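Take a look at the structure set out below.
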Amino acid sequence: MQKLNRSFFIRDVLKVAPNLLGKILVVKTSDSVIRTMITEVEAYRGEEDLACHASKGRTPRTEIMYHEGGVIYVYLIYGMYWMLNFVTGMDQNPQAVLIRGTDGANGPGVLTRKLKIDGSFYGESLFNSERIWLEPETTDHTIITRPRIGIDYAGEPWISKPWRFLLS
DNA sequence: AGCAAGATCGGT
DNA sequence: CCGATCTTGCTG
């Protein structure tokens, strides 16, 4: 099966995020290969988006978001959950898609635990990696949008943007 | 150097 | 609703 390539990721995050729904996420661990379908994502778009970590500018943590699309941004939240993000868009244009749900794993912290995703994936390429990549979907589906979760601190208008995408 | 908050989750 | 658990970025 072919992997999604560079051109898929260098588009604007609001294009990439919904297009990720239905795609197959493949993760190889030392003793298994897990294949799961992406069912829910959220878009974080640029320094102006106050819900986006890049709204604080370049920091050691957000540095990877300024990279061209196609690399992984992971970070630890509440001291125990790894959040998996795919960087999108052009170089120096910080954007990322948070993977919130996959087939059989609801919640961003739940799915990373199941897929054994941790800090070692920070900066890894999605189209040039031996242990994690994406494959095209095989079925049609319908997409619905909702506001993003857990970003009350961002205030309006960001809190109301319908930038969470999920399969209906 | 110290501190408050956090793109969460599971149990009560 | 509440605690777990620790990194991060900001303040001083």
Side-chain angles (χ1 to χ4, degrees), chain A residues 4 8-23 25 27 29 34 36-126 132 134 143-168:
Chain A
L4 294 189
F8 177 87
F9 299 100
I10 61 176
R11 297 173 297 153
D12 188 272
V13 69
L14 294 180
K15 284 288 214 178
V16 179
N19 275 1
L20 279 168
L21 298 176
K23 297 292 190 292
L25 176 60
V27 181
T29 61
I34 301 176
T36 187
M37 185 177 72
I38 296 174
T39 58
E40 181 175 358
V41 301
E42 277 177 0
Y44 289 86
R45 190 170 186 268
E47 293 183 342
E48 62 172 13
D49 176 7
L50 296 186
C52 181
H53 290 164
S55 62
K56 294 173 177 168
R58 282 178 186 272
T59 67
R61 182 172 68 158
T62 64
E63 181 63 32
I64 197 65
M65 292 179 104
Y66 290 80
H67 192 279
E68 164 182 281
V71 293
I72 290 177
Y73 167 42
V74 277
Y75 65 91
L76 189 66
I77 190 69
Y78 298 113
M80 53 187 111
Y81 302 109
W82 292 102
M83 300 288 102
L84 172 64
N85 297 254
F86 301 156
V87 173
T88 67
M90 312 262 279
D91 186 40
Q92 305 307 309
N93 193 345
Q95 309 183 331
V97 179
L98 169 67
I99 309 303
R100 289 200 68 93
T102 60
D103 212 19
N106 229 325
V110 172
L111 71 91
T112 52
R113 203 174 53 204
K114 194 165 183 174
L115 298 174
K116 296 192 169 69
I117 301 291
D118 59 22
S120 71
F121 283 81
Y122 184 94
E124 189 136 337
S125 167
L126 280 163
I132 184 168
L134 289 158
I143 296 171
I144 60 178
T145 64
R146 292 287 185 276
R148 293 172 292 180
I149 293 177
I151 57 155
D152 289 358
Y153 59 85
E156 296 293 357
W158 312 107
I159 197 173
S160 298
K161 297 279 187 189
W163 289 356
R164 179 159 61 105
F165 304 88
L166 53 162
L167 296 179
S168 67

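The model shown is predicted, which means the values in this text are computed figures rather than measured ones. Below, chain A is the first sequence line, B the second, and so on; all start at residue 1.
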Requested in this report: Might you point out which heavy atoms bring M65(A) and C52(A) nearest each other, and give the distance in Å?
Outcome: CE-SG, 3.6 Å

**Report entry** Shortest non-hydrogen separation from L98(A) to P108(A) and the atoms involved
**Finding:** CD1-CB, 4.2 Å

Query raised in the report: Are the side chain of Y122(A) and the backbone of R61(A) linked by a donor-acceptor contact shorter than 3.5 Å?
Result: yes

**Report entry** Where V13(A) and A43(A) come nearest, the two heavy atoms and their spacing
**Finding:** CG2-CB, 3.8 Å

Query - Contiguous pairing runs of three or more, Watson-Crick or G-U under 3.5 Å, that involve DNA chain C - result: B:1-6 with C:6-11, B:8-11 with C:1-4

Query raised in the report: For DNA chain C, which residues in residues 155-168 of chain A have a heavy atom at a distance below 4.0 Å?
Result: none

**Report entry** Side-chain donor/acceptor of S55(A) to backbone N/O of A51(A), under 3.5 Å
**Finding:** no

Query raised in the report: Would you say the side-chain atoms of R148(A) pair up with the backbone N or O of W158(A), donor to acceptor, closer than 3.5 Å?
Result: yes

Requested in this report: Determine, for nucleotides 2-12 of chain B in 5'-to-3' order, which nucleotides have protein heavy atoms under 4.0 Å from the base (write B), from only the sugar-phosphate (write S), or from neither (write -).
Outcome: ----BBBBS--

Query raised in the report: Is the shortest side-chain N to carboxylate O distance from E42(A) to R100(A) below 4.0 Å?
Result: yes

Query raised in the report: Using the P atom in both, what is the distance from dA5(B) to dC2(C), to the nearest Å?
Result: 16 Å

Atom pairs, N/O to N/O, protein against nucleotides 10-12 of chain C, distance under 3.5 Å?
none

Report summary line: Heavy-atom nearest pair, D103(A) first then T39(A), reads N-CG2, 3.8 Å

Query raised in the report: Are K114(A) and T36(A) close enough that some pair of their side-chain heavy atoms sits under 4.5 Å apart?
Result: no

Query raised in the report: Taking the side chain from R113(A) and the backbone from V110(A), do they hold a donor-acceptor pair closer than 3.5 Å?
Result: no

For residues 159-168 of chain A, which side-chain donor-acceptor pairs fall under 3.5 Å, sequence neighbours excluded?
unit_1, atom_1, unit_2, atom_2, d
S160(A), OG, E156(A), OE1, 2.8
S160(A), OG, E156(A), OE2, 2.9
R164(A), NE, P147(A), O, 3.0
R164(A), NH1, E40(A), OE2, 2.8
S168(A), OG, T142(A), O, 3.4

Name the atoms and distances for all side-chain donor-acceptor pairs under 3.5 Å in residues 77-88 of chain A, with sequence neighbours left out.
unit_1, atom_1, unit_2, atom_2, d
N85(A), ND2, Y73(A), O, 3.2
N85(A), ND2, M83(A), O, 3.4
T88(A), OG1, Q95(A), OE1, 2.9

